[in-house]
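Atoms considered below: every heavy atom in the structure, side chains included; atoms not considered: hydrogens, waters and symmetry mates. Chain naming here is simple, since letters A, B, ... match the order of the sequence lines and numbering starts at 1 in each.
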Amino acid sequence: MLDIRFIRENSALVQENAKNKGYDVNIDELLRQDETRRGLQSRADELREKRNTISSQLQGGRPSDELIEQAKLLKDELATIEAELRGVDESFTLLLKKVPNMADGDVPIGATEDENVVSKVVGEPTSFDFTPRSHAEIAAERSWIDKERAAKVAGSRFGYIKGDLVKLQFAIIQFVLDTLTDETLLGRIASEAGLDVPPKAFVPVLPPLMIRTAMYDAMDRLEPQDDRYKLESDDLWLQGSAEHVLGSMHADEIIDQAQLPLRYVGYATSFRREAGAYGKDMEGIFRMHQFDKLEMESLSTSEAGPDEHLFFVAIQEFLLSSLGLPYRVVQKCTADIGKPNARGIDMDTWLPGQANYRETHTADYMTDYQARRLRTRVRRESGELELVHTNDATAFALGRIMIAIIENGQTQDNRVAVPTALQPYLAGRLFL
RNA sequence: GGAGAGGUGGCCGAGUGGUUGAAGGCGCACGCUUGGAAAGCGUGUGUGCCAGCAAUGGUACCGCAGGUUCGAAUCCUGUUCUCUCCA
């Protein structure tokens, strides 16, 4: 959520920004309600002040009937004002929550994701001296993915992942955890990216996979609800990405500045309905209702936030490069970065089976937009309180990255070359 | 799933209707004291919102949400979380 004081002072900018991001919000109406709300709030405060004054005169017993009568009148008036205030406050908050975060100045303005800007291409599309297959075809040959039986048991877009593919997944996980907890390596990644960020290790986390409505909403990741799985009888949702449960971990907390940045890498099975997918997306395990993911999250000061974002991107590039995969970096435009985002960068990895770059990574920078409702604050060295800035980014979405490894590393006889960086985690095997 | 106990400030802990934003202690900050330190002494030390350049003032907050009352940390209802015992 944005700061209402910021909106008051920058209403035109905020309206313009909402339009650029494709959100229909009425800032004028919001400001009108804000004024009404504040008026009622002041009135209620005044009435309470009077009530408190009278009350303090009444203590010690022997209250005069007159005073009691006065107090009763106040009580009634206050009740009326409070009811009115509750109503206005509710619709005001509803409107305020709809206002998207301000996009940073260097975010390309665009109406659809087609206006995202490719800023960097690393490596070249893998070439083969045979016609490359899709991961689904190779997995079928190797009995790595069984969607038919999964459909019988759980429905469409679920899978049984089996055999060497399971070992590959665990190898990737180990590789990521080793990378993100190695401060020497993190320092090198930072300095090679020209970033002056502390090389502080990420804390690995296995988070809860369910999240309360209030927390999900505070993270501003509850929408679109159509894409979420709700557990009706419990006021709980299945989380759609570890950042949902990592970012909300420090809700209602005040963190000493010396402890920042807090960096986490969460491993979580994530759930999404992914309604409306079609074509290539339906093949194999590209787009499933359930997938495992390693996600980075950081809480930092406001001044450190932008570099944390770039650091996350640098880490993503390091991870992809370590696997020898061709990828490109995409600066997402205003329409695509998402409501709570100030900036958003994607990594698209080359998939020979689709002969296309497809999204495997996202890095989101939310400034203080999430922290405002989470009430996660930092106590500055000066003693001042300030909202933290949040960053989240994919380390690896395991399903998608295994697709990339299979398709880019395939041989004519349906084997898959193991990236050098993963070989130590697969007993030194060169091929799966 | 059942029974019981309990959630008070950074921490411990008092408080069962009336200056209680909340005793006391610990911690922390500043000052005094000291050659220096400890001890000791003194002062201060929560958060949100509104108004104000500020000092400050008003208001709300004792897990959360309602209710009773002129007045609620204290009484009532619901709910949530933690702990103990049982299944």
Can you pull the side chain to side chain donor-acceptor pair (under 3.5 Å) pairs that have at least one residue in residues 395-407 of chain A, sequence neighbours excluded?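 Sorted result for residues 395-407 of chain A: H135(A)-E407(A).
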Closer than 4.0 Å, any side-chain N/O of [X] to the OP1 or OP2 of [N]?
| X | N | value |
| --- | --- | --- |
| R38(A) | rU59(B) | no |
| R51(A) | rA60(B) | yes |
| N52(A) | rA60(B) | yes |
| R379(A) | rG46(B) | no |

Is [X] salt-bridged to [Y], cutoff N-O under 4.0 Å?
| X | Y | result |
| --- | --- | --- |
| D34(A) | R38(A) | yes |
| R379(A) | D256(A) | no |
| R380(A) | E303(A) | yes |

Watson-Crick/G-U partner (both atom distances under 3.5 Å) of [N]:
| N | answer |
| --- | --- |
| rG6(B) | rC81(B) |
| rA38(B) | none |
| rU20(B) | none |
| rA55(B) | none |
| rG46(B) | rC61(B) |
| rU33(B) | none |

Could you check whether L74(A) gets within reach of a base, just the sugar-phosphate, or nothing at all, counting any heavy atom under 4.0 Å?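 No contact.
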Under 4.0 Å, heavy atoms only, any strand: does R373(A) hit a base, just the sugar-phosphate, or nothing?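 No contact at all - R373(A) keeps every heavy atom at 4.0 Å or more from the nucleic acid.
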Of the options [options], whose atoms approach the side-chain atoms of [X] most closely?
| X | options | result |
| --- | --- | --- |
| D45(A) | rG58(B), rC81(B), rU47(B) | rG58(B) |
| R5(A) | rU59(B), rC50(B), rU47(B) | rC50(B) |
| E49(A) | rG58(B), rC49(B), rG48(B) | rG58(B) |
| K75(A) | rC81(B), rC49(B), rU69(B) | rU69(B) |

What is the distance, rounded to the nearest whole Å, between atom [atom1] of [X] and atom [atom2] of [N]?
| X | N | atom1 | atom2 | value |
| --- | --- | --- | --- | --- |
| R37(A) | rA60(B) | CZ | C1' | 14 Å |
| R372(A) | rC49(B) | CZ | P | 10 Å |
| R48(A) | rG21(B) | CZ | P | 15 Å |

Can you tell me how far [atom1] in [N] sits from the matching atom in [M], rounded to whole Å?
| N | M | atom1 | answer |
| --- | --- | --- | --- |
| rC61(B) | rG67(B) | P | 13 Å |
| rC53(B) | rG57(B) | C1' | 15 Å |
| rG13(B) | rG25(B) | C1' | 8 Å |
| rU68(B) | rC76(B) | C1' | 7 Å |
| rU45(B) | rA22(B) | P | 10 Å |

Residue met sooner reading RNA chain B from 5', once D34(A) and R212(A) are mapped to nucleotides: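 The 5'-side residue here is D34(A).
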Go through the side-chain N and O atoms of Y365(A) and E308(A) and say whether any donor and acceptor fall under 3.5 Å apart.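 Looking only at side-chain atoms, E308(A) and Y365(A) do not form any donor-acceptor pair under 3.5 Å.
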When you compare the side chains of K162(A) and S143(A), does any donor N or O come within less than 3.5 Å of an acceptor on the partner?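 No.
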